[in-house]
Amino acid sequence: MKKLLILIFTLITVTAFAQDKRKWKQLFNGRNLKGWTVKISGHELNDNFGNTFRVEDGKLVVSYDQYTSFNDQFGHIFYKKPYSYYLLAVEYRFVGKQVDGGPGWAYKNSGIMLHCQPPSTMLKDQDFPISIEDQLLGGDSTGERTTCNLCTPGTNVEMDGKLFTPHCINSNSKTFRNEEWVRAEVLVLGDSVIQQIVNGDTVLVYQKPQIGGGAVNNYDPMMKKDGQLLKSGFISLQSESHPVEFRKVEIIDLEKQYRKKRK
């Protein structure tokens, strides 16, 4: 219980510090994809097949208008540098129709991939980076569907002091419907704790992100050292067959502040 209380206090104080300062760095400049690297399954690094990732009207857009069928061409766009301790925010919405051939589970589905392996280490046919996924989902006019869930391609986490090995778990967020804009924030503190936030409400907390588990295919075995804690990594955004728009991608780097608080 004492450790849990310390953890909660750390989350509250670090998040409050970051949000009070509001020194957001924009990772997406609203004009082009400078600083970002594309990797789409079945294609070489930086082959932006079908102009999947593009900039339109100041937004980073994931589009499939040049696809005839999805064909499991899962894609990711990576920011140029890794981070360890940070508060990240994206503002996203799902638009239009899912491309033909997209899997049913990928309807109105995207994600923020955290602690990713370097994009240069992904093999040509690898589907997902080994990473922790803050899963972004959209709802329709009826029914319930949470967002900012957790999925774990090639990874595991701990919850309540125990290793959590299922691939995905739902958050306690409300459903965001149709083409509504949503602000998703995620607080990442190295290999200790990750807190996922939707429109200001904490919806999921877990600890000790680490390599392990399945749900990732065609990877280099040298990159999958099961049990290794993930202290840092790259950030990427997904293309999973449903068009999605990001109007903001911003970060507050907490490396110096967090390490100072630990001394």
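Numbering starts at 1 and runs along the sequence shown. Values in this document were obtained by computation on a predicted structure and should not be read as measured data.
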Evaluation steps, salt bridge (Lys or Arg N to Asp or Glu O under 4.0 Å), between K59 and E91: CA-CA 10 Å; K59 300 185 291 289; E91 294 180 6; over 6 Å; no
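- A cation-pi arrangement is absent between R31 and W36, since the terminal nitrogen or guanidinium carbon is not both under 6.0 Å from the aromatic centre and inside a 45° cone about the axis.
- For Y67 and F49, the ring centers sit closer than 6.0 Å to each other.
- Atom CG in D65 sits 9.0 Å away from atom OG1 in T52 (nearest 0.5 Å).
- Atoms OG and CG, on S239 and N109 in that order, are 11.0 Å from each other to the nearest 0.5 Å.
- With contacts defined as side-chain heavy-atom distances shorter than 4.5 Å, the pair V99/Q66 does not qualify.
- Judged by distance alone, the side chain of N218 and the main-chain N or O of D125 form a donor-acceptor pair under 3.5 Å.
- More than 12 heavy atoms of other shown residues, nucleotides or ligands fall within 6.0 angstrom of atom NZ in K25.
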Intermediate values then yes/no, side chain to side chain contact (heavy atoms under 4.5 Å, CB included), I235 and I251: CA-CA 11 Å; I235 295 164; I251 197 167; 3.8 Å; yes
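- For the atom pair CD1 (I40) and CG (L45), the distance works out to 10.5 Å, reported to the nearest 0.5 Å.
- Using a cut-off of 4.0 Å between Lys/Arg side-chain N and Asp/Glu carboxylate O, K108 and E179 are scored as not salt-bridged.
- When side chains are defined from C-beta on, V186 does not count as touching I197, because their heavy atoms never get closer than 4.5 Å.
- The shortest distance between side-chain heavy atoms of K231 and P209 does not fall below 4.5 Å.
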S232 and Y86: CA distance, side-chain angles, deciding distance, side-chain hydrogen bond (donor to acceptor under 3.5 Å, both in side chains) verdict: CA-CA 10 Å; S232 66; Y86 57 93; over 6 Å; no
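- Linking Ile, Leu, Val, Met, Phe, Trp and Tyr residues whenever their side-chain heavy atoms come within less than 4.5 Å places V203 and I169 in a single cluster.
- Between P243 and K97, the shortest heavy-atom distance links the atoms CD-O, 3.1 Å.
- Here the straight-line distance linking atom NZ of K39 with atom SG of C116 works out to 13.0 Å at 0.5 Å rounding.
- Residues L137 and N149 form a side-chain contact, since some pair of their non-hydrogen atoms from C-beta on lies under 4.5 Å apart.
- Both M159 and I194 sit in one connected hydrophobic cluster of ILVMFWY residues. Membership requires side-chain heavy atoms under 4.5 Å apart, directly or through other members.
- Closest of all the heavy-atom pairs between L204 and N170 is CD1-O, 4.1 Å.
- Residues T165 and N156 share a closest heavy-atom pair of CA-OD1, 3.5 Å.
- For the pair D127 (side chain) and V216 (backbone), a donor-acceptor distance under 3.5 Å is absent.
- Residues passing the ring pair (Phe, Tyr, Trp, His ring centres under 6.0 Å) test with F128, sequence neighbours excluded: F74, H76.
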Full working for side chain to side chain contact (heavy atoms under 4.5 Å, CB included) between E180 and F94: CA-CA 8 Å; E180 181 177 1; F94 293 97; over 6 Å; no
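- With a 4.5 Å cut-off on side-chain heavy atoms, T37 and I77 do not count as touching.
- Residues W105 and I112 fall within the same hydrophobic cluster, defined by Ile, Leu, Val, Met, Phe, Trp and Tyr side chains chained together at heavy-atom separations under 4.5 Å.
- By the salt bridge (Lys or Arg N to Asp or Glu O under 4.0 Å) test, D226 pairs with K224, sequence neighbours left out.
- L254 and W24 end up in the same hydrophobic cluster when Ile, Leu, Val, Met, Phe, Trp and Tyr side chains are linked at under 4.5 Å.
- Of the possible donor and acceptor atoms, one in the side chain of H242 sits under 3.5 Å from a partner among the backbone N and O of G96.
- Counting only N and O atoms by type, the side chains of Q73 and S41 include no donor and acceptor under 3.5 Å apart.
- Salt-bridge formation is detected for the pair R183/E250: a Lys NZ or Arg NE/NH1/NH2 atom is positioned less than 4.0 Å from an Asp or Glu carboxylate oxygen.
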Worked verdict on I211 versus L230 for side chain to side chain contact (heavy atoms under 4.5 Å, CB included): CA-CA 7 Å; I211 297 176; L230 290 170; 3.8 Å; yes
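- Other residues sharing the hydrophobic cluster of M122, ordered by chain and number and joined by side-chain separations under 4.5 Å: F78, F234.
- Between R247 and E245 there is no salt bridge, since no side-chain nitrogen of the basic residue lies less than 4.0 Å from a carboxylate oxygen of the acidic one.
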Salt bridge (Lys or Arg N to Asp or Glu O under 4.0 Å) assessment of K124 paired with D47: CA-CA 11 Å; K124 181 178 179 181; D47 178 1; over 6 Å; no
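- Rounding to the nearest 0.5 Å gives a distance of 4.5 Å between SG of C151 and CD of E133.
- Looking at every heavy atom in both residues, L150 comes nearest to Q196 through N-NE2, 4.4 Å.
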Stepwise side chain to side chain contact (heavy atoms under 4.5 Å, CB included) check, V61 with V244: CA-CA 6 Å; V61 172; V244 59; over 6 Å; no
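- Of all heavy-atom pairs spanning G75 and F53, the tightest one is C-CZ, 3.9 Å.
- A single hydrophobic cluster is seen to contain both L114 and M223, as judged by linkage of ILVMFWY side chains at heavy-atom distances under 4.5 Å, directly or through other members.
- Of the candidates T155, T121, D220, T152, I130 forms a side chain to side chain contact (heavy atoms under 4.5 Å, CB included) with just one, namely T155.
- For Y64 and Q98, the side-chain atoms include no donor-acceptor pair closer than 3.5 Å.
- A donor-acceptor distance shorter than 3.5 angstrom exists from the side chain of S171 to the backbone of S173, with no hydrogens or angles considered.
- Between the side chain of D140 and the backbone N or O of G143 there is no donor-acceptor pair closer than 3.5 Å.
- Listed for the R145 side chain is a donor-acceptor partner under 3.5 Å among the backbone atoms of G138.
- The closest side-chain heavy-atom distance from K208 to S192 is not below 4.5 Å.
- A cation-pi contact, defined as under 6.0 Å to the ring centre and within 45° of the axis, links K81 to Y83.
- Closest non-hydrogen pair, Y206 versus I132, comes out as OH-CG2, 3.4 Å.
- Shown are K225, H115, E158; of these, the side chain to side chain contact (heavy atoms under 4.5 Å, CB included) with Q210 is made only by E158.
- A donor-acceptor contact closer than 3.5 angstrom is absent between the side chains of Q238 and S110.
- Within the 4.5 Å cutoff, the side chain of N199 has heavy atoms near those of the F176 side chain.
- A donor-acceptor pair under 3.5 Å is formed between the side chain of D253 and the backbone N or O of E255.
- Side-chain contact between L88 and V188 is absent, with no heavy-atom pair separated by less than 4.5 Å.
- Inspection of the Q135 and E240 side chains reveals no N or O donor paired with an N or O acceptor under 3.5 Å.
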